[in-house]
Structures are given as C-alpha cells and as structure tokens.
Amino acid sequence: MSACGSGGGGGSAGNADNPYGLAQAGVLRAGTLTDAPPNVYLKDGKFTGFDNDLLTAVAGKLGLKVEFVGTDFSALLSQVNNHKFDVGSSSITITEARKKTVDFGNGYDFGYFGLDVPAGSPISGFDQLTGKRVVVVQGTVQDDYATGKQLDPVRVPDYNGAINQLKAGTADAWIAPAEIGEKSAADSSGKITVAAKQLSPAPTAYAVAKGSDKLREALNKALDEVIADGTWSRLQAQYYPGRPIPADFKPGSGTVVAPSASASAAS
C-alpha cells in the first residue's frame, strides 16, 4: 500500500518503503526505445544497449530492479514527466528546451551526429543539406539541429522509419546519432553509407519528472559509483569499441575517475 499514489509527488514523495517516490516500490520503470543500437534496443526479447545496461547497474546500487518499457522518442519526455515512467533511458541529449519538460541527472555519455545517405549519394557533409529531403526522428536533438538549420526536415517516429526512407530513396539524408547511423549502414547490405559525423553539442543523461529531486540525486550518486568501480568503462569498451573519449568529457559528477577499460577487465 505504501507505493500507492507516491509516483506523482515529485521531490517530496517517498517514505521508508519507497524513498524515491517510484510508481511501484523497489521497481524503476524506465521508458526506452527498441530500435536504437548500440544505445538502447531489444535483443532476444530483452532490453539492452549501453544506456540500459548502465541504468541497470546504477539501479542495482540503489537496490532497485529496472522494468523497461518501449515507447516512441517523441512521447518519452512527456511520459516521464507525467509519471508513466520513473526515468527515461534513451541517449537523451540535455537541452535547454527539454529542461522545461523534465529534470536531468548528470551526463553519462557523449555522442556524435552521423549523416547517413543512400549509397552513391554526392552528399558528403552537413553543409550540403539545404534543399535536400532530410529525415530525422521526431523530437530528437537531431530534429532540433535540422530545424535550427532551417532544413524543414521530414519527421518520422522511430529509427526504422528513417532507415526505410533512405533504402526506398524517399529521403536524401538522415541525421542520426552517429553510432546508430554507423550500425544501420553496416546492416544495410550496402544500401546506406555514412557521409560525415560531428560531435553533439551536449552530453546525454537520464531524465526524471520535474521535482523528482530524491530520485535524481540518488541516480547521480549511483552513477558515480558505477563509474568508480569500472562498470562505465567496461560498457564503453563493450558497446563502443575503439571510440575515443573526448579529453574534456567527464562522466557523472566529474569528481570520480573512470578506470581504463583494460583496468576494469583486469579487476
């Protein structure tokens, strides 16, 4: 009974059985995507990927079990803020506009924009998109970028929709999270190539409802713990092998040191 009604109380919700005001005591209900590897995706019916595996480790430090639920990115932030989900896990880039809808924890990853094009396309850079039919997933930071550049993008609800537009030749380019774009190109049997990539302007973080301060602070503390114990480095090496980490990127609070992946494996 202690969990009933506690999910909507924001920062003041919670009691001894449910200190973080979760919809169900002991369970962190996470909204995520099903089609965005290597970040968030389904494999053999199980939600996995860097973001989700990291969240599972973070929740474990808090004694919580994670329940993942698939959704569309365009709906995710509003679903988090109305407490359908306790947290959003989907490589969500922190932006000032999104801060008006949800609160963010500390950044746990960085990312690049990728520019995917049909094989044989003459497009080779982001500066060649004016007047082209550019597809983006609705509500993403790539959507924000395309809109800010006045590209009048075609918006689709998910990554599969963007991939299908490129394969069908109904889009000239797709602005994607780079890792997702690279994997999509690799899996396209030569139909899609990556033309360019550039560093995304802000880190990614987990989203919680406005005012969920106890949950946000607990996730931040637990994130620092999984950075310090090597879990973050191990998952980086697993999901992004060979990807260099920008010198100025510090995951979590920035006060703990992430061991190298080799040191993590040795421990």
Side-chain angles (χ1 to χ4, degrees), residues 7 20-24 26-95 98-99 101-111 137-142 157-160 176-180 183 200 202-210 212 214-227 231-232 234-236 238-240 251-252:
Y20 311 120
L22 305 176
Q24 179 182 347
V27 177
L28 187 67
R29 187 173 171 88
T32 188
L33 307 188
T34 62
D35 64 344
N39 307 86
V40 286
Y41 62 102
L42 276 172
K43 181 178 181 180
D44 300 326
K46 178 184 177 182
F47 285 95
T48 186
F50 175 80
D51 297 62
N52 288 344
D53 286 5
L54 183 68
L55 183 61
T56 298
V58 167
K61 297 289 187 182
L62 302 175
L64 300 175
K65 175 185 176 182
V66 183
E67 178 188 351
F68 291 106
V69 181
T71 188
D72 288 335
F73 189 86
S74 60
L76 178 57
L77 297 187
S78 61
Q79 290 171 332
V80 169
N81 200 47
N82 68 23
H83 297 277
K84 179 175 181 178
F85 304 123
D86 301 305
V87 64
S89 169
S90 181
S91 287
I92 308 168
T93 301
I94 301 171
T95 69
R98 290 172 179 173
K99 287 180 181 179
T101 302
V102 294
D103 287 341
F104 286 101
N106 289 332
Y108 61 79
D109 201 13
F110 58 95
V137 174
Q138 183 176 355
T140 61
V141 70
Q142 293 82 27
D158 54 39
Y159 293 109
N160 285 329
E179 291 82 6
I180 295 169
K183 188 174 191 309
S200 182
T204 61
Y206 297 116
V208 299
K210 280 285 188 183
S212 296
K214 290 182 180 179
L215 176 59
R216 178 180 53 79
E217 291 165 3
L219 292 174
N220 283 343
K221 181 175 182 292
L223 174 60
D224 275 358
E225 292 177 13
V226 299
I227 293 168
T231 301
W232 184 87
R234 176 179 58 78
L235 292 174
Q236 282 280 329
Q238 176 183 342
Y239 286 103
Y240 312 122

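Computed from a prediction, not measured in an experiment: that's the story for all the values here. Any value given below was found using the heavy atoms of this structure, including those in side chains, with hydrogens, waters and symmetry copies removed.
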Tell me whether the rings of Y239 and F50 are parallel (<30°), tilted (30 to 60°) or perpendicular (>60°).
perpendicular
Pairwise distance [atom1]([X]) to [atom2]([Y]) - rounded to 0.5 angstrom:
X: T204; Y: F110; atom1: OG1; atom2: CZ; answer: 9.5 Å
X: W232; Y: Y108; atom1: CH2; atom2: OH; answer: 12.0 Å
X: L235; Y: I227; atom1: CG; atom2: CD1; answer: 11.0 Å
X: D53; Y: K46; atom1: CG; atom2: NZ; answer: 6.5 Å
X: T101; Y: L77; atom1: OG1; atom2: CG; answer: 6.0 Å
X: E225; Y: T231; atom1: CD; atom2: OG1; answer: 10.5 Å

For a 4.5 angstrom cut-off between non-hydrogen side-chain atoms, does [X] reach [Y]?
X: L76; Y: F85; value: yes
X: V102; Y: I92; value: no
X: Y20; Y: L28; value: no
X: T56; Y: F68; value: yes
X: H83; Y: S212; value: yes

Where the side chain of [X] meets the backbone of [Y], is there a donor-acceptor pair that is under 3.5 Å apart?
X: Y159; Y: I180; answer: no
X: K210; Y: K99; answer: yes
X: D86; Y: R29; answer: yes
X: N106; Y: N220; answer: no
X: D51; Y: S91; answer: yes
X: T32; Y: S89; answer: yes
X: D72; Y: S74; answer: no
X: R98; Y: T93; answer: yes

Taking all non-hydrogen atoms of both residues, which atom of [X] and which atom of [Y] are closest, and how far apart?
X: A205; Y: G105; answer: CB-O, 3.4 Å
X: P203; Y: G107; answer: CB-CA, 4.1 Å
X: V66; Y: A30; answer: CG1-CB, 4.1 Å
X: V27; Y: L22; answer: O-CD1, 3.3 Å
X: F104; Y: A207; answer: CE2-CB, 4.1 Å
X: V69; Y: F47; answer: C-CZ, 4.1 Å

Carefully, step by step, assess L223 and L54 under the rule side-chain contact (heavy atoms from CB on, under 4.5 Å).
CA-CA 8 Å; L223 174 60; L54 183 68; 4.1 Å; yes
Could you walk me through whether T48 and Y41 pass the side-chain contact (heavy atoms from CB on, under 4.5 Å) test, one step at a time?
CA-CA 6 Å; T48 186; Y41 62 102; 3.6 Å; yes
Ignoring hydrogens and angles, state whether a donor on the side chain of N39 or S90 is under 3.5 Å from an acceptor on the partner side chain.
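On atom types as modelled, these side chains do not qualify, holding no pair under 3.5 Å.
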Is it the case that Q236 and D109 place a side-chain donor and acceptor less than 3.5 Å from each other?
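Judged by distance alone, the side chains do pair up.
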For atom NZ of K221, decide whether the heavy atoms of other residues, nucleotides or ligands shown that lie under 6.0 angstrom number more than 12.
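Result for NZ/K221: open.
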